[in-house]
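Structure record follows, encoded as structure tokens.
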Amino acid sequence: MQATSPKQSHAGHAEAHHEEPGFWSKYIFSTDHKIIGIQYGLTALTFLLFGFCLMLMMRWQIAHPGQPVPLVGPLLAKVLGGVAAGGVMSADLYNSFGAMHGTIMVFLAVVPLAFGAFGNYVVPLMIGAPDMAFPRVNMASYQAYVVGGIIMFVSFFIPGGAAQAGWTSYSPLATSIPTDGQTFWLVGMIFLITSSLLGAVNFIATIIQLRAPGMTWMRLPFFVWAQFVTGFLLLLAFPPLEAAGLMQLMDKVAGTSFFLPTGLAVGGQLADVSGGGSPLLWQHLFWFLGHPEVYVLILPAMGIVCEVISNNTRKQIWGYKSLVYSSLAIGFLSFIVWAHHMYLTGMGTKISTFFQTTTMIISIPSVIILTCFFISLWGGSIRFNTPMLFALAFLPMFGIGGLTGLPLGFSASDLHLHDTYYVIAHFHYVVAPGTIFALFAGIYYWFPKMTGRLMSEYWGRVHFWGSLIFMNVVFQPMFAQGMAGMIRRMADGGANYSLARVPDAIGGLSDTIMSLHTLILWGGIGLGLVQIPFIINVFWSIKHGRKVTSDNPWDATTLEWQTPTPPPHGNFAAEPTVHRGPYDYSLPGKAKDFTPQNEPDQGGKH
Amino acid sequence: MEIPYTAQPRKDTGLYNAKVGIWLFLASEVMLFGGLFSAYILLRVGATPGTWVHGLLNIPIGTFNTAVLITSSVTVVLSWAALKVGNFGRYRFYQAITILCALGFLGIKSFEYREKFSHYEVWLNQPVTVTRGGQEVQTDRLLGHIEYQGHHPAFWSTKTLAEKQVESFKFTPDPIHYKMTPKEMAHARKTAAGRKAEEFEFKAADVKRLSAFVPGHSTYFALYFTLTALHALHVLGGAVVIFYIWGPGAKMWKTDPERYTNRVEVSGLFWHFVDLVWIFLFPVLYLL
Amino acid sequence: MMEKLLGLPPLAAETGKGVDNLIIWIHWLMIALFIGWLAYFLYALWRFRRSRQPRADHIGVRSHASSYIELAVAGVEAVLLIFVAVPLWAKAVDKLPKESDATVIQVVAQQFAWNARYAGRDGVFGKQDMRLVSSDNSFGAVPDDPHGKDDVQVMNELHVPVNKPVICYISSKDVIHSFKVIAFRVTQDAIPGMRIPIWFKPTQEGRYQINCAQLCGNGHTSMSAGFVVVESQEAYDTWLESKAGGATVFE
Amino acid sequence: MSDHSHQDIAKHVKIYITVFVALLVGTIITVALNYLHFDSMALTIAIALFVATIKAALVACYFMHLISERKMIYLIMAFTVFFFIGLMFLTLGAHYDYPPNTTTL
Ligand code: HEA
Ligand code: HEA
Ligand code: CUA
Ligand SMILES: [Cu+2]
């Protein structure tokens, strides 16, 4: 490691050689991983907001079936036409919004944010690399994502509207719904899958090839490990869905029947298809991706939480090795648990036993990971700043979501809970107060590296406490609703199954259960309102936030903080050399309570 | 800092970046075709007995096309070997053969496709009597060709008959049907050889279903077209890349020969994979 | 107590008891873990806040007690899996009661209603042929089969006698639906091209709504018109008699 | 694989030609067997897939140099093949594990 002064001059020197690229090549067609990361981030956050707005309208509608949506109702009626006649969401529109909420949240918001944005921005910096291994592939990946996103977005406005068969797009429903939105969905998915595949190839190759000298596998920050496993999940689980997507597309446009059985009678008439297909084939191929995908959503989040916790407890993460092995185990096992989403297709005992067993086994590494995080708190010197608050809240929230996965994992208890709001609550606890909190933590944490300014701590706290409270107000009642038997994906929120409508039905939904809809609605509105300070905070702080006084404002050990702020093209002035593991905080005998990874053992040659 | 290991291998892995990249990409391709193969197997074992189409593809042409693809694969490695010893001319020669083979493969494939589009199966309301393997049989399903107003139309379906208000059309049945076992089909073909084919005139009202050999005909043809079209897209893509490196991209040979050779190797790896997929597709679709 | 706490809906089938028990036991595990860890978590946050603990201990916890917790979790899961969940499932899908001891019903879902078919007086279903399926012949019943003459075909209202096992063969005509009766703790996807048996033994007379639990199109919520009516054997017999032969109409 | 001597390459070329011939022969064998029409369909499928697997292995090992590749690549491909097999056999397993007579009406 050179002394600091030559480093600076070196950087200036390198810059003088490059002529300034123009706006387009700098911000739009950039091949720099940091710019691409930010592009991913902003696009994904926009989709996140959009996905949430869809859901807010839906929540309003199911709390007030048959009444026009306030404020946006007239707009919906004008833009979308018949499906929102009089500002009331029809069942078709509800189904569109539901399917697109799921699709957008998973494929257009959270994965691009967790993998595309944070992975792109942080991973090369963390491993001491100048860029991704294939910068142009990286750009292509982002562009494919944008194209996919545009196709999905446009599909709302075509006649018939967007896809309506749920984010799972089960055949034969997906093929029999008359809207072309279904076709748009498939084409959009093919672009998004391509984007993810290109990204995955790039990430894995980068992590294998571009680690700085001394950055051995066991010195990688856990975040990098998480992204590495995530990359493999995307790489190997997505292609079967792409294959399935192609087949469903053929069913839709070329009249084949990959997923349509013989003797299908839609609307009372035998369908004019050859038949001979299998609806379950689609489910297998979908969930073969679908389950690994949920770990794609959670692993990067765990990686972020790990970095933030270690940094703000000022101590090393407890059980680094078990974290690494657990995430590898999760990655491996996630490929062989998928059919726990299909128990109630009538699965036999042998296969269901297999999948129940693997499902239970895969919960163990998650337990280990969470345990490691919990234990890491012990003996720390905990700083409660905004990123840390979000990271800490992640733990019990993911805990609730993960634990409620267990009753779903047994086929016998799934019998009662399958396709109820219990499932909705289960996975939202993992993806919303879980993953999204971790992503918020990541934004607050790395914001100073990206911009050189800190976000407002005060408004950060408002954002945090508001989000924590309202997330729980939204999702906690859903457990009760699900346990009472309320089914998901109902455009009237289950009013048809309520005791109010059918008083003599045993097991109908009680007034209390139905009235929770109102509570959830207000929770959702509150949740939306507390995001406003966050959005303002992000944009305001870019220009007006408190300037950081050093390149390493959080006194962190990992390499991304050992670069200039924001890092220049090529990241490091000279190749860093790594001398130690990622979490050398509060080493006994050191004056500083952090020892960066690139600091030599003898205290350096300063 | 520049991106390292674009040409030279990294010490601990022994690999240059693009090689890791292409193998990862191939891994995902294995899963892509793997998904389709799984679909094939599941649909096939789940098919009602006697409904699985087989024996309708042109085996000699398929065999020839297999040979074409294998040849292109060997010329790829030979061209790479030539580059390794610095013989750019020989590289260009071999790779030119590769590209020609690729075009040849696609040409033959499109010819096969076209042939299928004007070949039909008809499902009849009342059985008719045809000669199969020297015997008269009653059947309500026939394979064969259509003649209508002197043309041999392609892509017709039951719907077309109504749309075009066809009253009747001429039908020349094949001597075989896929309900027969391979043995029976071979026998039927042999006995029918040289004989003048029977001809039928079917009224539109006699026809329950009519379908050309298009994806919608049956699960088998759905798989056949999806798999081979996807494969053909890969052939096309590979050929474009190889051509780009061979032609416009060849400048790099002067400036950075090592990286250029790597490019050739990487594109070659992709090409072999495409060949490898075909090695499975051929028996699965043509022979079984 | 736990039923109340979890808000499990009323149970009206013998076969659902096991399901409820499993749900309850697994929730005990979850609650124990949640409360235990949450208490630890809050305590740790309070005790190791910066103002109280200015410098961290690099290593932290040295004991490996947590491994025992992890092992215990794995152990409980294993026990529940092997001794409860798997046998329950085997009972649900493999150990169907004899058809002669049960009420046998064919159920075919369609957008957006439930069709049901009973064998009628002779106890034998008439022949079926998929090619005959049409809007007024949901089951593809072959018209001139003598066994079919007395078959009973109804829509949206299934009657079954109380305290006797019921076997339903669940299928669908068009898209995937799901046959769910909350109080019996049964759910089975109705998948076109497949016909899957389920069984339950209702113990309480009354009207039970059939929920369609799988998204099946824009009428998904209005598939709520289907009911299972559980009644005494006599009432059931009378009902069946009143429907016999009349319901299957072919034009 | 960057430091090859010219002899090495000459040796390689010989291998390539041999493999090429083997692949052609394999193709001919598969096609020829097909004309024999075994009575057992299972046998036909087994033989055809067996020959195809050998051919694929030849391409992978020699044309794609897998026979002398680095550990990292083996690792990646081993996982891939494992998951592919998982996908195929578990879907098949599920298919055969449904209660009897579920797929007929
Ligand atoms: C990030 C996403 C994510 C994650 C991590 C998980 C994790 C798990 N999921 Fe979930 N799941 C989804 C997303 C996710 N799931 C989605 C999106 C669906 C629905 C899809 C759809 O149908 O649309 C779904 C549906 C779903 C089903 C199907 C339900 C049905 O449709 O009927 C099942 C069934 O087995 C299941 C099981 C599990 C299990 C066993 C885990 C396990 O991995 C969980 C392991 C974790 C733990 C066991 C927690 C350990 C924590 C502690 C021990 C500490 C506790 C401490 C405190 C709380 C303080 N999930
Ligand atoms: C990653 C996945 C993800 C995420 C994060 C969410 C987040 C949320 N989801 Fe969603 N959901 C799904 C995936 C997800 N969901 C899926 C897969 C389904 C099933 C679909 C189907 O049935 O097919 C579903 C279904 C679903 C339903 C069931 C609908 C039904 O069955 O009828 C409900 C009901 O309340 C719901 C609600 C919510 C809510 C209130 C949030 C909230 O937590 C949202 C929180 C988000 C915000 C509050 C926005 C924050 C915005 C910003 C921070 C913007 C910043 C912008 C800039 C700086 C530019 N979701
Ligand atoms: Cu039928 Cu939902
Ligand atoms: Cu899952």
Side-chain angles (χ1 to χ4, degrees), chain A residues 91-92 166 170 172-173 176 261 263-266 268 279 313-316 318 344-346 349 352-353 356 360 364 367-368 371 375 377-383 396 403 406-407 410-413 415-416 418-419 480 483-485 487 489-492 496-497 504-508 586-588, chain C residues 6-10 12 19 22-23 26 30 34 37-38 41 44 48-50 53-58 60-61 66 70 73-74 77 81 85-86 88-90 93-94 130 133-135 173-176 182-183 185 187-189 191-193 196 206-209 211 213 215 217-218 221-222 224:
Chain A
D92 279 330
Y170 278 7
L173 180 62
S176 71
L264 206 61
V266 181
T313 51
R314 315 303 299 159
K315 64 182 285 293
Q316 75 173 354
W318 192 87
L344 298 184
T345 55
T349 317
S352 89
T353 303
Q356 292 183 68
M360 285 306 123
I364 300 302
V367 170
I368 295 179
T371 307
I375 295 189
L377 300 174
W378 195 267
S381 162
I382 301 173
R383 297 193 301 216
L403 289 173
L406 299 179
F410 292 125
S411 53
S413 39
L415 204 56
H416 178 52
H418 178 64
D419 267 334
M483 199 53 101
I487 294 160
R489 294 166 164 172
M490 286 196 296
D492 65 353
N496 271 327
Y497 290 105
D504 62 339
I506 300 176
S586 305
L587 276 184
Chain C
L6 293 178
L8 277 167
V19 173
L22 178 58
I23 292 181
I26 185 86
M30 292 153 61
F34 183 74
W37 275 119
L38 195 66
F41 178 61
F48 296 103
R49 65 190 190 276
R50 176 143 259 199
Q53 172 101 349
R55 182 156 176 135
D57 170 3
H58 176 68
V61 171
S66 63
E70 286 154 11
V73 174
E77 285 180 8
L81 175 70
V86 172
L88 258 178
W89 192 249
V93 301
D94 286 348
M130 219 42 241
V133 168
S134 69
S135 46
K173 263 199 329 197
D174 37 38
V175 303
I176 303 180
I182 293 173
R185 308 289 189 269
T187 312
Q188 170 58 52
D189 285 1
I191 303 166
I196 300 164
R207 270 164 76 79
Y208 300 85
Q209 220 166 354
N211 287 224
L215 179 63
N218 52 16
T221 57
S222 37
S224 51

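Just so it is clear, the structure is predicted and the values come from calculations on it, not from any experiment. Here is how names work: the chains are called A, B, and so on, in the same order as the sequence lines, proteins then strands, and each is numbered from 1.
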(message) At a heavy-atom distance under 4.5 Å, which candidate from L406(A), T313(A), V367(A) has the highest pair count against chain C?
(response) L406(A)

(request) Could you have a look at D92(A), I364(A), I487(A) and say which one has the most heavy-atom pairs with chain C under 4.5 angstrom? (result) I487(A)

(request) State, with a plain yes or no, whether a side-chain heavy atom of L415(A) is found less than 4.5 Å away from one of W89(C). (result) yes

(request) Tell me, with the steps shown, if W378(A) and K315(A) meet side chain to side chain contact (heavy atoms under 4.5 Å, CB included). (result) CA-CA 9 Å; W378(A) 195 267; K315(A) 64 182 285 293; 6.0 Å; no

(request) Decide yes or no on side chain to side chain contact (heavy atoms under 4.5 Å, CB included) for H416(A) and T187(C), but give the supporting numbers first. (result) CA-CA 7 Å; H416(A) 178 52; T187(C) 312; over 6 Å; no

(request) Could you check which of D492(A), N496(A), T353(A) has the highest count of heavy-atom pairs closer than 4.5 Å to chain C? (result) N496(A)

(message) Are L38(C) and F41(C) packed together at the side-chain level, in the sense that at least one heavy-atom pair is separated by less than 4.5 angstrom?
(response) yes

(request) Please assess F410(A) against I23(C) for the test side chain to side chain contact (heavy atoms under 4.5 Å, CB included), listing each intermediate value before the final yes or no. (result) CA-CA 9 Å; F410(A) 292 125; I23(C) 292 181; over 6 Å; no

(request) For Q316(A), enumerate each residue passing the side-chain hydrogen bond (donor to acceptor under 3.5 Å, both in side chains) test, keeping only those at least two apart in sequence or located in another chain. (result) H58(C)

(message) Taking side chain as everything from C-beta outward and backbone as N, CA, C, O, which of these in W318(A) sits under 4.5 Å from a heavy atom of chain C? Side chain, backbone, both or neither.
(response) side chain

(request) Go through the atoms of I191(C) and report whether side chain, backbone, both or neither lie under 4.5 Å from a heavy atom of chain A. (result) side chain

(message) Using side-chain heavy atoms (C-beta onward) and a distance below 4.5 Å, is L377(A) in contact with F48(C)?
(response) no

(message) Has Q209(C) got a side-chain atom pairing as donor or acceptor with G508(A)'s backbone, closer than 3.5 angstrom?
(response) no

(request) Check whether V93(C) gets within reach of chain A through its side chain, its backbone, both or neither, counting any heavy atom under 4.5 Å. (result) side chain

(request) Evaluate the side chain to side chain contact (heavy atoms under 4.5 Å, CB included) criterion for residues W37(C) and T371(A): first the C-alpha distance (whole Å), next the side-chain angles of each, then the deciding distance (0.1 Å), finally the verdict. (result) CA-CA 9 Å; W37(C) 275 119; T371(A) 307; 3.6 Å; yes

(request) Heavy-atom pairs under 4.5 Å with chain A are the metric here; pick the option from S222(C), G60(C), A213(C) that has the most. (result) A213(C)

(message) Using heavy-atom distances under 4.5 Å, tell me whether P407(A) contacts chain C through its side chain, its backbone, both, or neither.
(response) both

(message) So for P10(C), is it side chain, backbone, both, or neither that comes closer than 4.5 Å to the heavy atoms of chain A?
(response) side chain

(request) Go through A183(C), A44(C), G7(C) and name the one with the most non-hydrogen pairs under 4.5 angstrom from chain A. (result) G7(C)

(message) I need the residue from A91(A), P396(A), P261(A), S411(A) with the largest number of non-hydrogen atom pairs under 4.5 Å to chain C.
(response) S411(A)

(request) Under 4.5 Å heavy-atom distance to chain C, tell me which part of Y170(A) shows up: side chain, backbone, both or neither. (result) side chain

(request) Check whether P172(A) gets within reach of chain C through its side chain, its backbone, both or neither, counting any heavy atom under 4.5 Å. (result) both

(request) Could you tell me which of D504(A), D419(A), L173(A), I368(A) has the largest number of non-hydrogen atom pairs under 4.5 Å with chain C? (result) L173(A)

(request) Measure L403(A) against the heavy atoms of chain C and call it side chain, backbone, both or neither at under 4.5 Å. (result) both

(message) Under a 3.5 Å distance rule, please check whether S381(A) uses its side chain to pair with a backbone N or O of Q53(C) as donor and acceptor.
(response) yes

(request) Please flag which part of S176(A) lies under 4.5 Å from any non-hydrogen atom of chain C: side chain, backbone, both or neither. (result) side chain

(request) Quick one: closest heavy-atom pair of L88(C) and V19(C), and the distance? (result) CD1-N, 4.0 Å

(request) Please determine, among P588(A), S352(A), G166(A), the option with the most heavy-atom pairs under 4.5 Å with chain C. (result) S352(A)

